[in-house]
Structures are given as C-alpha cells and as structure tokens.
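These values consider heavy atoms only, across backbone and side chains, with no hydrogens, waters or symmetry-generated copies. Just so we're on the same page: letters track the sequence lines, and every chain starts at 1.
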Amino acid sequence: MDFFHVIVVLLESTIRVSVPLIFAALAGLFTERAGIFDIGLEGKMLGAAFAAGAVAAITQSVWLGLLAAILISVALSLVHGYASITQRGNQIVSGVAINFIVAGSTVILGEAWFRQGGRTPALAEGARFQTINFPFADTIREVPFIGPIYADLLSGHFILTYLAFAMVPLSWWILYRTRFGLRLRAVGENPGAVDTAGISVIWMRYRAVICCGILCGFAGAYLSLAMTAGFVKGMTAGKGYIALAALIFAKWRPFNIMLACLLFGFLDAFAIRLQGNPLPLIGQVPVQLMQALPYILTVILLAGFIGKAIPPKAGGVPYVKER
Amino acid sequence: MSNPYAKLPGWVEYGLVPLVNLAVAFLVAGLVVLLVGENPLEAAYHLINGAFGRGEYIGFTLYYATTFIFTGLAVAVAFHAGLFNIGGEGQAYVGGIGVALACLWLDQTMPWFVVFPLAIIGSALFGAAWAFLPGWLQAKRGSHIVITTIMFNFIASSLMVYLLTRVLKPLGSMSPQTRTFAEGGQLPKLDWLLGIFGLDIGTAPFNVSFLLALVAAFGVWLLIWRTKLGYEMRTMGHSPSAARYAGMSESRITVITMMISGALAGMMALNPIMGEQGRMQLDFVQGAGFVGIAVALMGRSHPAGIIPAAVLFGVLYQGGAEISFEMPSISRDMIVIIQGLVILFAGALENMFRPAITRLFSTSSRRAAVVAQTKGA
C-alpha cells in the first residue's frame, strides 16, 4: 500500500509539472506545423508568467492576469512572426533574440516596479488559481485503490490543468479535422501549393503564430498564477526547451506530445523524489543524469535510433512568392 | 530570388547597415531605461565611463572581449558553412575540462608557458569533441543541428555539475570547483601592453589569452578565405547543391566545421579559468556562448568585424557593471536585453532598413550618373 501511495504522489506531481510543458509544446506544434521554427517558447512563457504575476498582483484579479499573459505572449509571437514571415529573417536567430530580451526585461521591469529582487509580490487567494475539488473527493479518499486515484490524481488540480489536457484533443481536432488545420499543415509542408490555391501563406502563418502565443500565455500564467503564487525571475528554467524537445520527441503530433510531456514531467518528478535515494537494481543514479535524460532521449530520437522524427518540410524556410 | 536586394557599396553593406541596426537596438534599449524611470543619457555616460574611464576598466573590457572573440569566431565559422551552432555555451563549458586537466596535472611542476599550450590543445579537443556528435548526427543521421546543440548545452550543464560536485572537487571541500591552481596554471597579465599607453591595469584580469584570441581571429580569416577547406565551407554555406555537384563531401565539411567551431568555443575557457579565477568553477561560461551569436551576427561573420563587436560587448559587460553600481534600478540584466535587441535587429531583422537604404543609394547614384552625363555633353 505504501508503494501504491508513492506512485500516486509521483503521478500527481508528474501532472503538475507536465502542464506548462503540454501548453508550450502544443504552442510550438502550431507554429512548427506552419513552417516556422520556434526557439522562443521559453521567452514567451517567461514573458507571460511575468505579465500574469505583475497584473494579478496589481489588480488582484487572476483573470486579468491570465489575459495579460496571453496578450504579452501574443505580442512576442507577433514580433517573431514579423521577423520571420514579413522580414524573412532567420527564425532561429529571432527566437534566440526573444528569449534574451524577455529574460532581461522581466528582471529589470520587475525590479523597477516591485523592488523585490525581480519577484512580483506574493499573490493573495483571489489573485491566483485555486484547485478544484471534485464532489465527494474527501469521502471517497478512504476507499482503497480507487479512492486515492479519484481524490489525488483526478481531482484537486487547477482549471488550467484540465484545460491543458483538453487542449490536446482540441489541437488534434483543429489541425486534422478543420479546413484551417489542413491549410496550416499544408503551409508547413508545401507553401507554394497553398499559394497556388489562392490562400495567403503570410496570413496563414501569422494565424499560426498567434495560436502559439495564446497557448504560451496559458503556460506562463500557469507557472506564476497556479504552480506558485507570483513570478520569480527566470522561473521557466529551461521548460521552453524541454517543451521543444517534447515536441520533437512526439514527432509533431498532438497525442504524442501529451505522452512525451508526461514522460519528461515524470522524469523531473522522479529526479526530485529520488534525490540521494538508491534505485532498486540499478543502485545510485546521479540526479544530473535524470535531469539530462529528456535531452539525451531527444538526441537519440533525432539520431533516428527510436523511429524517425521528420520535421515539417518547409520548416525554417521563409516563403517568397514567385514573380 | 535568393537575394532580393540590390547590391550596395562595400562600406554601406558592411559599415552603414550594421551601424543602423545597432543604433536601433540601442534606441530601443534606451526606451527600456526610460520605462524604468532613469535617464538613458546618464546610463550611456556611465557605460562609457565604466568601460574606458580608467586603465583598470579598459583591462576588464578587453578581458570580456577576449572571451567573446572566441565564442563569436566559433559561431561565425559555423555560419560560413550554413550551420547554426547554438551550442557554443556547452562546448565552452566542456572545453573547461581540458583546461582544468592540463592545469591540475602540471601546474605545480611546470611554468605557465608549458602548461598553456597543453591547456589550449585540451580545451580545443574537449570543445571539438562536444561539437562532434551534433555535427556527425546532422551529417549522417539528418538530425537538426540547432536542436541537437541546444540539447547538448543542457547535457553539458548536467555533466559539469556532476563532474564538479563529484569528481573534480578536492576531497573535503564543499564548494563545487577544482582546487586553486599553482602558479603554473595561471596566465600572466598583459599589463605591459596597456602600460605602453601609460595605463595601469590594476586588478583587471586582462591576460595572454587575448593574444591567442587575436591569433585565432587571424587563423579563422586564413581558414575561411585562403584555404581549400574554407572555400568548400563557403560553397556549402551558399548553396549545398552546388557543393554537392562540385563533388564536395557535405558530411565531411559539416563534421569538420562543427569541430573547428567547437574547438574555438572551447578555447574560450582558457580566459576565465587560467586567466582570472585560477580554478574551474560552476557556470564559469556565464552565457558567453550565446553572446557569441550576437557578436558573429554583428561582425557579419568576418574576423575584422567580430573583434570590434566583441569589444563592444566587452564594453557592455564592464560598463554595465558600472551602470548597475551607479543606477541601482538598472541591474546587469540590462546587458541581456541589449544582447537580445542586437541579435534581433542585426540578425533576424537585418533587412528591415535595407530597402530604405538601398533606395537612398540608388537614387543618389542615379543622380550622380545624370550629373556625369550632362557634364560629358
């Protein structure tokens, strides 16, 4: 029973750390499927987290915080879009630039506005997301097996957590079952064909970039309004890159993305749990190895040793209309 | 249609366009300073004064510049072959192992001029080795170099934490760093070089690796524009299909280019480890690998551009410290913003002002042509 309890706790924290990864990786899915590489997930998430923390602290409203997160993230996405779609600049360079600008300005502005060493003030109850408890969660908890699963795993999460998992089938539906999704994927594979069909490649790609901004906004808001009560400088701590790794690991498919994010989240939760404890059969595993595992797995996958990850064909290439 | 913009005179292409982009980046940075409620002109004054005001400040500026010359060259070499090496950070970090090993081995018995060459070779080897896998994976397995080098940055960071907390740390010590090297593991300062200009370098760690950086810059120029390999790299960078038709081996060039790039990034480790700290610490790279991207973009991947660009970032790092001292609301993170803005305007948006500048020059040259014609008639 004790072992079972450990598993439930582990899975619960897996879900908690996976949520921002799922949002960010789905965000990357929209742009990359439209043929725009996005290294800037990290920066957008960080910017959104800061905007959410700052606005929620000032207005004491969690929803205004969320809105601010989405607005800032979309604005940053549009900068990336302008550089890589309109100006046909290098998309990777643009993403790197956004990461730096956000990393610096969140600290500078946070310090100037709140004077708490780059933090935003700790948020009160009404200014952050509360966990939602399913009906009868406490009464069922005592029931063996089903009880803990219902009470701890399914119930007791934030609304954004449920939204993240709902976004997975929704993104699949948008990308694979709507006209918008078909065109978006086509723009990432063969923009010339889409152009010939009389659809604007530019406008299609801009819409993809906006979708990405909205989802990154959710990811950032989750970090500063749900996972913790306020913004802490550099709080994304490489999550944007892990999300990017998950996106590739999932071979640019929505349901695989959820699984990859849960796997990487599990490794993260497991590494924290493991700290110093030896593993049965294997013995002592350095924490650093566990931390590096998502990246190592992604490299192995990219190398084609676990299946093959084939990126969208037109990815990274700006579209130039033929004259 | 690969280059939709008209050809501009050389000084416009390599001088004016980057300067305009740079000026815009600084204007936007000035707006951020305004937003924080400080005077941008005052900040600029502290920046310049902090970077050049005293011999010691200049020493620090050039110390930082040394680091950025290495990482900038690393990114530039890869750019020439059409590769984006975002992994300079990890390669420099791992390169530190080579430096540390050479120093730990010989510092107590040998003078610095024996240890230094070995440390150079060590740093270059380790840096190159860390870049080899991403290069090889791109060449042979088709995995995207940007993604793999990013992943390798994170793997390097975990690896180094492991090595510094478990392996390279002296017994009984708590802090994650190697022991402090004896005299043989510390590079002499270049106080005489600034002394020529009557400047006192003070405590600034401006050291011999600066000269190595200049040599490396010259070496990169030789390699890119005066050797067969450099020609092949540039061919591949301009047109991979042309390179293939000419019978050049894409995978060979990719792997070699990445290894040279990694070696240059790795050599950056000499400056902080042997030149300043006298030991290897956690996180000694401090983002220099990423600064290299900005430096290479601004210097247009040419050593003659990279050196001034590196000095500019040296100014930002050293002068930025002075700003944060004088104006507490502007911390050193301001540098990170400026760095990002430079990457944005000199890199991703490099063509934003080009149409306007082109128009300016085509009209003026046309007018000049008309004037010449009328004179002739």
Side-chain angles (χ1 to χ4, degrees), chain A residues 37 39 43 79-80 82-84 87-109 111-113 115 118 233 238 241-242 244-245 248 286-296 298-299 301-305 308-311 315-316 320 322-323, chain B residues 1-2 4 28 32-33 35-38 84 86 133-134 136-137 140-144 146-148 150-163 165-166 287 290 293-294 297 328-352:
Chain A
F37 280 150
I39 306 281
V79 171
H80 183 56
Y82 177 70
S84 49
Q87 291 293 333
R88 296 178 211 141
N90 186 321
Q91 300 168 1
I92 287 154
V93 173
S94 160
V96 171
I98 286 173
N99 287 345
F100 279 120
I101 293 171
V102 174
S105 43
T106 48
V107 180
I108 295 268
L109 294 180
E111 179 59 27
W113 291 341
R115 307 214 172 275
K233 73 173 177 184
Y241 294 108
I242 294 233
L244 195 65
I248 296 159
V287 189
Q288 290 83 17
L289 180 65
M290 299 294 293
Q291 285 165 346
L293 212 49
Y295 307 111
I296 297 174
T298 307
V299 170
L301 173 88
L302 274 172
F305 295 120
K308 190 140 180 65
I310 302 165
V320 183
E322 303 232 5
R323 298 224 168 86
Chain B
M1 268 315 284
S2 65
V28 178
V32 177
V33 175
L35 210 60
V36 173
E38 295 277 1
F84 197 142
I86 222 171
L133 259 183
W136 184 81
L137 288 174
K140 294 289 180 191
R141 315 284 313 188
S143 43
H144 201 292
V146 173
I147 306 295
T148 31
I150 289 178
M151 301 297 133
F152 267 66
N153 281 344
F154 285 101
I155 299 172
S157 151
S158 292
L159 174 74
M160 294 301 281
V161 173
Y162 175 76
L163 287 179
T165 50
R166 303 274 185 101
F290 296 116
I293 300 169
L297 286 170
S329 58
I330 304 178
S331 64
R332 292 195 62 164
D333 296 277
M334 193 69 209
I335 306 166
V336 182
I337 302 184
I338 298 179
Q339 190 181 322
L341 289 168
V342 168
I343 296 178
L344 185 67
F345 286 103
L349 292 175
E350 61 171 342
N351 293 329
M352 190 157 73

Quick one: what part of [X] sits under 4.5 Å from any heavy atom of chain A, side chain, backbone, both or neither?
| X | value |
| --- | --- |
| B:Phe152 | side chain |
| B:Val146 | side chain |
| B:Ile338 | neither |
| B:Leu341 | both |

Side chain, backbone, both or neither of [X] within contact of chain B (heavy atoms, under 4.5 Å):
| X | value |
| --- | --- |
| A:Ile39 | side chain |
| A:Thr298 | side chain |
| A:Val79 | side chain |

Taking all heavy atoms of [X] and all of [Y], pick out the closest pair and write down the distance.
| X | Y | value |
| --- | --- | --- |
| B:Ala348 | A:Asn90 | CB-O, 3.9 Å |
| A:Val107 | B:Ser331 | CG1-OG, 4.3 Å |
| A:Val299 | B:Leu137 | CG1-CD1, 3.6 Å |
| B:Val336 | A:Ala103 | CG1-CB, 4.3 Å |
| B:Met352 | A:Gln87 | CA-OE1, 3.3 Å |

Taking only residues at least two apart or on different chains, which pairs with a member in residues 153-163 of chain B satisfy side chain to side chain donor-acceptor pair (under 3.5 Å)? none
Should A:Ile242 and B:Phe154 count as side-chain neighbours, where that means a heavy-atom distance under 4.5 Å? no
Please tell me if the side chains of B:Leu349 and A:Tyr82 come closer than 4.5 Å, counting only heavy atoms from C-beta onward. yes
Reported [atom1]-to-[atom2] distance for the pair [X] and [Y], which is rounded to 0.5 angstrom:
| X | Y | atom1 | atom2 | result |
| --- | --- | --- | --- | --- |
| A:Asn99 | B:Phe290 | CG | CZ | 9.0 Å |
| B:Leu344 | A:Ile101 | CG | CD1 | 5.0 Å |
| A:Leu244 | B:Met151 | CG | CE | 5.5 Å |
| A:Tyr295 | B:Ile147 | OH | CD1 | 12.5 Å |
| B:Thr165 | A:Gln288 | OG1 | CD | 5.0 Å |

Hey, can you tell me if B:His144 and A:Phe37 have their rings parallel, tilted or perpendicular (30° and 60° cut-offs)? perpendicular
When heavy-atom pairs shorter than 4.5 Å are enumerated against chain A, which of B:Leu297, B:Thr148, B:Ile150, B:Val32 gives the highest number? B:Ile150
Which one, B:Val161, B:Ile335, B:Asp333, leads in non-hydrogen pairs under 4.5 Å with chain A? B:Asp333
